[in-house]
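All chains are named by letter (A, B, ...) in the order of the sequence lines, taking the proteins before the strands, and each is independently numbered beginning at 1.
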Number of protein chains: 2
Amino acid sequence: MSKRVGSVSLAEMTATVGRADKFEERRRELADAALQTLSELGYARTSLREIAQHTSFSHGVLHYYFRDKVELITYCVRRYKSVCVQRYDEVVAAARTGEELSAGFAEAMAGTLVADARMHRLWYDLRSQSLFEPAFRDDVREIDAILEDMITRVVGRYAELVDGVPALPFTAAYACFDGLFQQALLRHLSGVEPAPARLHDDVERLLALVTN
Amino acid sequence: MSKRVGSVSLAEMTATVGRADKFEERRRELADAALQTLSELGYARTSLREIAQHTSFSHGVLHYYFRDKVELITYCVRRYKSVCVQRYDEVVAAARTGEELSAGFAEAMAGTLVADARMHRLWYDLRSQSLFEPAFRDDVREIDAILEDMITRVVGRYAELVDGVPALPFTAAYACFDGLFQQALLRHLSGVEPAPARLHDDVERLLALVTN
DNA sequence: GACAATTCTTGACACTCGTCCAGAACTCCT
DNA sequence: AGGAGTTCTGGACGAGTGTCAAGAATTGTC
């Protein structure tokens with residue numbers, strides 16, 4: 001029983017690539033189960049046994065693939081980022097006019113608000129955890145940076161299309177859109193129904209505002 | 001041993017007012033200790049025993065004054081709100097010009113960002129918890145409403161002073177300022193030093209933007 | 001098919017948690 | 001001073017936690 005060192009064993013280095021990736025593949029599988037559990041229960045109420053119950057494995061495996069709980073959750077946070085910034089860039093690329101971009105962007109936000117509500121609440125939960133747990137900070141900041149870049153592209157492109165100039169630093173613009181989204185999520189999960197529509201409106205208004 | 005029913009016993013009803021309030025007074029005392037603990041450790045890591053250690057009492061007493069943990073924390077959240085909206089109204093009342101109001105408001109925000117950082121991170125933590133725990137939702141929404149009102153007064157008064165008209169619904173304006181503040185808190189607790197100064201700038205810019 | 005390396009299961013460990021309760025300590029009134 | 005009502009203590013309970021390790025099951029290789 002030779003324990004793995006790092007994430008690569010001697011056997012893997014000489015074996016085929018597909019074989020070598022099996023370890024990483026299972027890590028992803030387990031992390032996805034963890035993400036599902038986390039998004040249902042939140043960080044404070046999620047246990048390793050609960051995560052394992054969302055898989056076909058027993059709770060012991062988690063410690064075979066992850067050193068401890070923090071590494072697992074950190075891995076999850078990193079993985080999360082790859083899911084979250086996809087829809088928007090298509091919108092940016094497709095838009096030919098400012099109005100198109102504005103409408104498409106607002107619709108994308110309102111759409112993900114209801115479609116991925118549980119994932120988003122997990123994000124806000126983990127970001128809050130990072131205020132207390134330094135171990136999460138770097139990953140959280142990295143994701144925040146990715147989201148900020150996304151907003152930067154949207155706002156920048158919109159400014160181009162309408163011949164305006166950004167009226168706020170991009171980081172501040174991101175903070176505003178994020179605040180809008182978070183309030184909308186709060187309302188949506190509380191059952192206040194016009195949440196998506198209101199978000200749609202507010203996003204369009206704010207986008208027009210931050211470029212003049 | 002006659003257990004208290006609700007929060008008023010027979011003895012209290014006939015006793016003096018000071019005597020009657022002793023129960024409530026101790027509740028506040030315990031809740032303050034709980035708030036301190038929560039703001040240090042965060043919701044996920046705060047236990048009743050830990051809270052009791054911040055007081056001169058033993059852990060059993062918490063169940064004498066609060067039915068269970070949820071009631072204690074709910075009480076804490078309610079109590080928190082009374083602390084958080086005081087500085088700003090003075091600023092609004094004192095300002096004679098738009099510039100004065102803008103500068104005062106921005107300074108107040110930057111000030112509380114560093115002075116009450118731990119309390120603010122608790123607020124964001126609890127608000128995130130409410131995304132998972134319906135028991136917290138009403139209180140969280142109430143506090144959010146109070147904060148929104150505060151922003152409304154600031155933005156409204158500023159619009160008056162500069163003869164502008166609000167360019168965003170007040171609820172959206174609140175969401176934006178809140179987003180700004182949350183990002184600043186994240187940076188501040190991560191040790192990025194210009195956090196307060198940047199918040200100050202961004203707040204002034206945003207305030208000018210949402211009234212035109 | 002046998003051997004070795006891996007992946008996975010199972011049960012145990014040492015804690016910590018919220019909750020409860022018997023009774024000690026205290027307070028207040030007559 | 002004594003007794004009733006109150007506040008508080010400290011220990012116990014059962015459930016749940018992260019972690020670990022011994023060994024069973026599986027897989028890949030010759």
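- The nucleotide whose nearest atom lies closest to any side-chain atom of A:H59 is, among D:dT7, C:dT10, C:dC20, C:dT10.
- With respect to the salt-bridge test (charged N to carboxylate O, under 4.0 angstrom), the residues A:R121 and A:D116 do not qualify.
- Residue B:S56 is in sugar-phosphate contact alone, with no base atom involved, counting any heavy-atom pair closer than 4.0 Å across all strands shown.
- Side-chain atoms of B:S190 do not come within 3.5 Å of backbone N or O of B:V192 as any donor-acceptor pair.
- The pair B:E24-B:R27 counts as a salt bridge, with a side-chain nitrogen and a carboxylate oxygen less than 4.0 angstrom apart.
- Atom OH in A:Y64 sits roughly 18 Å away from atom P in D:dA25 (whole-Å rounding).
- Atom-to-atom, CD of B:E71 to P of C:dT19 comes out at 11 Å; the value is rounded to the nearest Å.
- Here the C1' atom of nucleotide D:dT7 and the CZ atom of B:F23 are 10 Å apart, to the nearest Å.
- Out of C:dT9, C:dT19, D:dT17, the shortest distance to the side chain of A:R49 is found at D:dT17.
- Residue B:R45 is the one, among B:R45 and B:G60, whose nearest nucleotide of DNA chain C lies closer to the 5' end (criterion: closest heavy atom).
- Rounded to whole Å, the distance from CZ on B:F66 to P on C:dT19 is 13 Å.
- For the pair B:F57 CZ and D:dT9 P, the interatomic distance rounds to 7 Å; values are reported in whole Å.
- C:dT16 atom P lies 11 Å from atom CD of B:E50, rounded to whole Å.
- A close approach under 4.0 Å does not occur between any side-chain nitrogen or oxygen of A:S47 and OP1 or OP2 of D:dG16.
- Atom-to-atom, OH of A:Y65 to C1' of D:dC20 comes out at 17 Å; the value is rounded to the nearest Å.
- Taking the side chain of B:L48 as heavy atoms from C-beta on, and the options C:dA12, D:dT7, C:dT19, the nearest nucleotide is C:dT19.
- Close to C:dT19, at under 4.0 Å from its OP1 or OP2, lies a side-chain N or O of B:H63.
- The pair A:D138-A:R141 meets the salt-bridge criterion, with a side-chain N (NZ, NE, NH1 or NH2) lying under 4.0 Å from an Asp/Glu carboxylate O.
- Residues A:Y65 and A:F23 place their aromatic rings such that the two centres sit under 6.0 Å apart.
- Of the candidate nucleotides D:dT19, C:dT9, D:dT9, D:dT19 has the atom nearest to the side chain of A:D68.
- Between A:R27 atom CZ and C:dT6 atom P there is a gap of 16 Å when expressed in whole angstrom units.
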